[in-house]
Amino acid sequence: MVAVLFIVFLVALAIGVPVAFSLGLASVAYMLGAHIQMINFAQYFFKGLDSFTLLCIPGFTFAGNLMNQGGISEKLLDFADALVGHITGGLAYANVLASMVFAGISGTALSDTVALGGVEIPMMVNQGYDVPFSVAITAASSCLGPIIPPSLPMVIFGVLSGASVTKMFIGGVVPGVITGLVCMLAWYFMNKNKNYALMPKATPREVWTAFKKAFPALMMPVIMMGGILSGIFTPTEAGVVACVYAWAVSTFLYKKMNMKILKRVAIASAKSTAVIMLIVAACQALAMVITVARIPQAIAAAISAISSNRLVVMCLINVFVLIVGLFMDVTPALTILTPIFLPIVVGIGMDPIVFGVTMVYGLCIGLITPPVGNVLYIGIGISKITLLDLLKKIWPMVALYTAVLFLMTAVPGLITFLPNLFAGA
């Protein structure tokens with residue numbers, strides 16, 4: 001019956017059935033074959049949505065879309081350009097810096113690519129930058145969205161695993177910063193011998209002006225994480241605060257928000273949230289089926305036959321996650337893999353926070369690798385280059401991302417340092 005479960009799911013995906021319905025069909029097929037009462041499917045499906053924490057998903061989604069439409073990307077890029085635009089290859093460094101800040105607002109890679117890529121890629125091309133390299137650095141830095149808090153995939157993992165979403169958020173900070181620095185380092189070595197045009201060095205007054213304009217946007221992640229860490233509000237309440245703040249900034253300061261745009265943003269956010277929620281609900285039913293079928297135990301036995309060493313087991317899981325990420329988007333992959341691997345990593349004594357951050361990170365690499373590679377295709381759509389041209393330039397960054405993934409696995413303190421520090425405080 002386990003074979004039926006996976007066959008139905010893969011066939012449904014292959015013929016174009018949406019992921020959430022594919023998950024539901026696979027669960028129903030198994031339950032019918034195993035003679036499990038169908039009322040269980042309905043119960044677990046709705047149980048998957050019965051979570052206070054999940055309310056932060058529409059909050060952060062709406063807040064990110066509000067800031068996308070409210071002029072935040074231009075203000076962040078202007079400030080980053082004022083800081084490093086005069087350095088050789090400075091627009092690329094500004095691109096990464098803007099992505100790191102924007103990641104603290106949107107929580108998704110696609111929002112980052114659309115909002116910043118649509119501005120930064122044409123700007124870099126106009127300054128004489130190599131087009132595939134420009135798209136590659138934009139796509140790679142956009143993957144910081146789900147790593148640096150707030151992160152929608154981390155919220156989903158917290159709901160599925162019972163892990164603290166706050167600790168997940170804090171645990172993603174150091175890996176996110178390291179990855180941003182890695183992107184800059186990769187850009188430096190790949191382009192250090194190229195004579196790109198330099199932007200005029202901004203005067204202190206120009207830097208100050210750019211900072212003042214970007215300050216409201218820069219304060220948004222500070223307010224959210226500061227409120228969460230200080231205990232003023234929970235991650236769920238932070239989503240509501242983010243919405244109110246984003247609307248106020250977009251309307252009264254940047255003056256790019258009106259009722260017509262607000263309505264369009266609300267509808268788009270509702271659609272995005274509905275898709276995520278439907279997948280999470282379907283995966284809760286699938287998690288019940290996976291537990292009944294004892295799939296985690298079977299996989300654990302197979303891994304134990306190879307090695308019982310904690311590091312080896314985690315590296316094997318990383319490889320599996322990377323392979324899954326090639327063919328599936330982050331949210332459905334996360335909701336499927338969490339109930340399978342969580343009992344295994346808990347059994348070997350691994351901190352669920354470490355596992356959650358590394359799995360989210362590993363799946364994010366799939367955003368810049370084909371055949372799925374959603375971020376790649378957005379970059380191609382903006383720049384009109386071929387996928388092959390982009391892959392030739394982005395593979396070193398994919399390799400460095402992968403190296404950071406295994407570094408986090410070998411040195412879990414990179415993830416647990418800040419959560420433990422704040423817990424101690």
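Below, all heavy atoms of this structure are taken into account, side chains as well, without hydrogens, waters or symmetry copies. What you are looking at is a predicted structure, and each value in this text was computed from that prediction instead of being measured.
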Ring pair (Phe, Tyr, Trp, His ring centres under 6.0 Å) assessment of F79 paired with F215: CA-CA 9 Å; F79 178 53; F215 182 76; 9.9 Å; no

Y30 side chain reached by I36 side chain, heavy atoms, under 4.5 Å
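The answer is yes, as the side chains (C-beta and beyond) meet within the 4.5 Å cut-off.
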
side-chain contact (heavy atoms from CB on, under 4.5 Å) with L337: which of L160, I317, V321?
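Among L160, I317, V321, the one that satisfies the side-chain contact (heavy atoms from CB on, under 4.5 Å) with L337 is V321.
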
>> Do V404 and L400 have side chains that approach each other closer than 4.5 Å (heavy atoms only, starting at C-beta)?
In response: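 No - every pair of side-chain heavy atoms lies 4.5 Å or more apart.
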
Taking atom CZ of F233 as the centre, does the number of heavy atoms from other residues, nucleotides or ligands within less than 6.0 Å exceed 12?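 Atom CZ in F233 is packed in, count exceeds 12.
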
>> List the residues meeting side-chain hydrogen bond (donor to acceptor under 3.5 Å, both in side chains) with D78, not counting sequence neighbours, and say none if there are none.
In response: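 With sequence neighbours excluded, D78 shows a side-chain hydrogen bond (donor to acceptor under 3.5 Å, both in side chains) to no residue whatsoever.
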
Check: Considering only heavy atoms from C-beta outward, does the side chain of L278 approach that of F21 to under 4.5 Å?
Finding: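 Yes. Closest side-chain heavy atoms under 4.5 Å.
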
Self-check item: Neighbour count >12 (heavy atoms, 6.0 Å) for atom CZ, F406
Solution: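 Counting other residues, nucleotides and ligands, CZ of F406 exceeds 12 neighbours.
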
Backbone N/O of P146 and side chain of S151: donor-acceptor pair under 3.5 Å: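 Yes; at least one donor-acceptor contact below 3.5 Å.
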
Fill in: T358: side-chain hydrogen bond (donor to acceptor under 3.5 Å, both in side chains) partners, not counting sequence neighbours
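If we apply the side-chain hydrogen bond (donor to acceptor under 3.5 Å, both in side chains) test to T358, skipping adjacent residues, there are no hits.
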
Exercise. Is the backbone of S269 close enough, under 3.5 Å, to the side chain of S272 for a donor and an acceptor to pair up by distance?
Worked result: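 Pair absent, no side-chain N/O of S272 close to backbone of S269.
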
- Task: If the plane angle is over 60° it's perpendicular, under 30° parallel, otherwise tilted; pick one for Y129 and W187.
- Result: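 The rings of Y129 and W187 lie parallel, inter-plane angle below 30°.
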
Requested in this report: Look at the side chain of N420 and the backbone N and O of T416, then say whether any donor-acceptor pair between them is shorter than 3.5 Å.
Outcome: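 Checking the backbone N and O of T416 against the side chain of N420, a donor-acceptor pair under 3.5 Å is found.
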
Could you tell me whether the side chain of T409 and the main chain of L405 form a donor-acceptor pair under 3.5 Å?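 Yes, T409 side chain to L405 backbone: donor-acceptor pair under 3.5 Å.
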
- Task: Using the side chain to side chain donor-acceptor pair (under 3.5 Å) rule, collect all pairs that involve residues 392-402, keeping only residues at least two apart or in two chains.
- Result: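 Output for this query is empty, none listed.
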
Next on the checklist: Assess, by modelled atom type and distance only, whether the side chains of Y44 and S27 contain a donor and an acceptor separated by less than 3.5 Å.
Outcome noted: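 Looking only at side-chain atoms, S27 and Y44 do not form any donor-acceptor pair under 3.5 Å.
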
Worksheet item: With a 4.5 Å heavy-atom cut-off, do M397 and I368 have their side chains touching?
Response: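 A side-chain contact under 4.5 Å is absent here.
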
Main-chain N/O of M124 paired to Q127 side chain as donor or acceptor, under 3.5 Å |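 Not at all, since once roles are kept as given, no pair shorter than 3.5 Å links the two residues.
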
